[in-house]
Number of protein chains: 2
Amino acid sequence: MHETPHIPTLDDVAKVAAVSTATVSRCLNEKQKVSAKTLAKVLEAVESLGYTPNFNARAMAAKQSRTIGAIIPTMENAIFARGLQAFQETLLEQRYNLLVSSSAYQPKLEAQQIRELVARGADGLLLIGYERDEAVYDYLARRGIPTVLAWASKPDSRHVSVGFDNRAAMRQLTDRVIEMGHRQLAVISGIVDGNDRAAERLAGIQDSWQAHGFHLDDLPVIQRPYETKSGAAAFEELVQVDVKPTVIMCGNDVLAAGVVSRARDLGFSVPDDISVTGFDDIELAKHVYPALTTVHVPHRKMGRIAADSLINLIEDREGEVSQQLDVFIQMRASLKQL
Amino acid sequence: MHETPHIPTLDDVAKVAAVSTATVSRCLNEKQKVSAKTLAKVLEAVESLGYTPNFNARAMAAKQSRTIGAIIPTMENAIFARGLQAFQETLLEQRYNLLVSSSAYQPKLEAQQIRELVARGADGLLLIGYERDEAVYDYLARRGIPTVLAWASKPDSRHVSVGFDNRAAMRQLTDRVIEMGHRQLAVISGIVDGNDRAAERLAGIQDSWQAHGFHLDDLPVIQRPYETKSGAAAFEELVQVDVKPTVIMCGNDVLAAGVVSRARDLGFSVPDDISVTGFDDIELAKHVYPALTTVHVPHRKMGRIAADSLINLIEDREGEVSQQLDVFIQMRASLKQL
DNA sequence: TTGTAGGCGTTATCAA
DNA sequence: TTGATAACGCCTACAA
């Protein structure tokens, strides 16, 4: 069935245009080095043959691919979508292409996909968070692959990062919650193992809790994967206790959305019976009812800056590298003053 | 700054293992053709050097990449996320990799990305919907690139598609709406130009409307991009009329979510003052309040089947190709009997 | 401004 | 079971 059709190559174009392959290559890559006449001739041949350069051959010969790889933990919920979109737009403006894969929050899978993207000739990489096996960083360093870490920030680290301080942000939100009179908190955290954002957010809550003179033993914490349904199930667990929490703080808007929905289904009123908070300020946060009080993250800005940083790194230019962005608390109806 | 590190190649491995490059290649690709002793020797060399095969070189020499390209209209909302996830999982099981790009609903961009993926050596392509320039299909045919169209279905077409009948589904939902007593409908459609799913869904509503003896002139329709905020804005327009609609049917859950939220903010009660329907049954549909009556699409199943079809095509096997999936109406609180 | 020719890192076809 | 060696399609000194 697969009749192998003839795919035009540089040679074909060269023959049709009656020039050398070198000239054709120049017409495609450095027009200024070619006379207007030959350029026209060659482009016509390209057109008539429907020629498209073979990317693999080009990357191999030129030793660069103008391709950036990004590995995000998940595509399923919208956490990374908006930032990634902006990242891609910025890359495209500079004629870089983006390759995306998702690691399903599995470090081994991520490591494998890093090798895959590098093997594909990626000129640089965008990774989420900073916590990963040292061997991975070694590998990247040995191959000389410029890498930017996003969605987190470690100013003291030897890595380039464009993100925000998850811990400080969550601490700030918790301070606010406690100031509003809440004393019975419960936490639904993301799985902290292998996820520095989740770990830092939880730590931020604990920082604030202790700073206010409370004891960690009095702070119920459960860890759940970032899915609405696990938030919903976690809610049921958390309210089956003698002293119900007055507020449930979630490591993420997705968990919080699950909590709010399930609470309503079970006849709880949010925020009158119980308050809920999230983190990220994704689209969902505005559309659940009541809308979520959450930490607003400048996703698009982060994506843009990450792209600029990475390109600077790749092209060996001066300019910004690591950058820590500001976030703010977005108050909405799901959190109530006691 | 970029010290060009030495990246180990097949040659390096061959030297260290004291065999030929051909043998090393065999160890990596067809172990059974190699003696156990050499295999061990070679793998050890691979390990010690930290060798990773160069993908571009491999693809060029082998004339196949085990890579599938997918181009979706957007990553921003979750419409395609779940299906794509399943698509990828199925591919991975068969040792195919997935490359994703997003066309932002722009046909020219899509055409360009198709060329890009083909140039990268994609063995096959997944595209959304069937409506695109004939030149694109010609190009694909000339290059002999197996392609599967998803999220839509054209059984009479010469293309392979794995999807569902958007028009029939929406007609069915509309029948239901009308049976429930609604006579004042208003429609917020997606932009139909260049989007067959949006066009078919709108047509489905019109089919039902006319079949019930009503006139198209009495059916207010506005087209808006698939974003919650445009749904929200559209809602305001639609209720600023003398005879308010009793139900607003949206081409998509995202639009419907925007409508529900804005309606509530403006003091309307959904569904008591006005009913709302969506399409797709994405996560969001369950979490807005009230939850959306919508058309449930078997996203994951569609993704799996599309992957199987595409692989069958690529590997020239017998087996299923086009397939039309069933959808059903998911009744939830946003639609009320009059 | 243009052409020649070597090389990029694999795989695959032959022989050995 | 192994080893030479010719592709694969393009880029890029270097020469002309």
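Here is how names work: the chains are called A, B, and so on, in the same order as the sequence lines, proteins then strands, and each is numbered from 1.
- Mapping A/T9 and A/R26 onto DNA chain D via the closest heavy atom, the residue that lands nearer the 5' end is A/T9.
- A straight line from CZ of A/R120 to P of C/dG9 spans 18 Å, rounded to a whole angstrom.
- The side chain of A/T38 places an N or O atom within less than 4.0 Å of a non-bridging phosphate oxygen (OP1 or OP2) of C/dT2.
- At least one side-chain nitrogen or oxygen of A/T23 sits closer than 4.0 Å to the OP1 or OP2 atom of C/dG3.
- For the pair B/D12 CG and C/dT10 C1', the computed distance is 13 Å after rounding to whole Å.
- The interatomic distance linking A/Q32 (CD) with C/dT2 (P) rounds to 13 Å, in whole Å.
- When every heavy atom of B/I145 is checked against every heavy atom of B/G124, the shortest pair comes out as CG2-CA, 4.1 Å.
- One finds no side-chain N or O of B/N56 lying less than 4.0 angstrom from the OP1 or OP2 phosphate oxygen of C/dG9.
- Rounded to whole Å, the distance from CG on A/L28 to P on D/dT12 is 12 Å.
- Within the 4.0 angstrom heavy-atom criterion, base atoms lie near A/A22.
- Nucleotide C/dC8 holds its P atom 17 Å from the CD atom of A/Q64, rounded to whole Å.
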Before giving the answer on side-chain hydrogen bond (donor to acceptor under 3.5 Å, both in side chains), spell out for B/T67 and A/R120 the whole-Å C-alpha distance, their side-chain angles and the decisive distance to 0.1 Å.
CA-CA 11 Å; B/T67 295; A/R120 282 189 125 90; 2.4 Å; yes
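- Contact check, A/S25 against D/dT12: no side-chain N or O comes under 4.0 Å of OP1 or OP2.
- A/T74 and A/F80 make their closest contact through O-CD1, 3.7 Å (heavy atoms, listed as atom of the first residue, atom of the second, distance).
- In this structure, CG of B/L10 is placed 6 Å from C1' of C/dT10, rounded to the nearest angstrom.
- Residue-to-nucleotide proximity on DNA chain D shows that, of B/S20 and B/A57, the 5′-proximal contact is made by B/S20.
- Judged by distance alone, with hydrogens and angles left aside, the side-chain atoms of A/S65 form a donor-acceptor pair with the main-chain N or O of A/G121 at under 3.5 Å.
- Among the protein residues, B/V19 comes within range of the sugar-phosphate backbone only, with heavy atoms under 4.0 Å from sugar or phosphate atoms but none that close to a base.
- Considering only side-chain atoms of B/N54, the nucleotide from C/dG9, C/dT2, D/dG9 that sits closest is C/dG9.
- Between A/M75 atom CE and A/L84 atom CG the span is 8.0 Å, to the nearest 0.5 Å.
- At the phosphate of D/dC11, neither OP1 nor OP2 sits under 4.0 Å from any side-chain N or O atom of A/T21.
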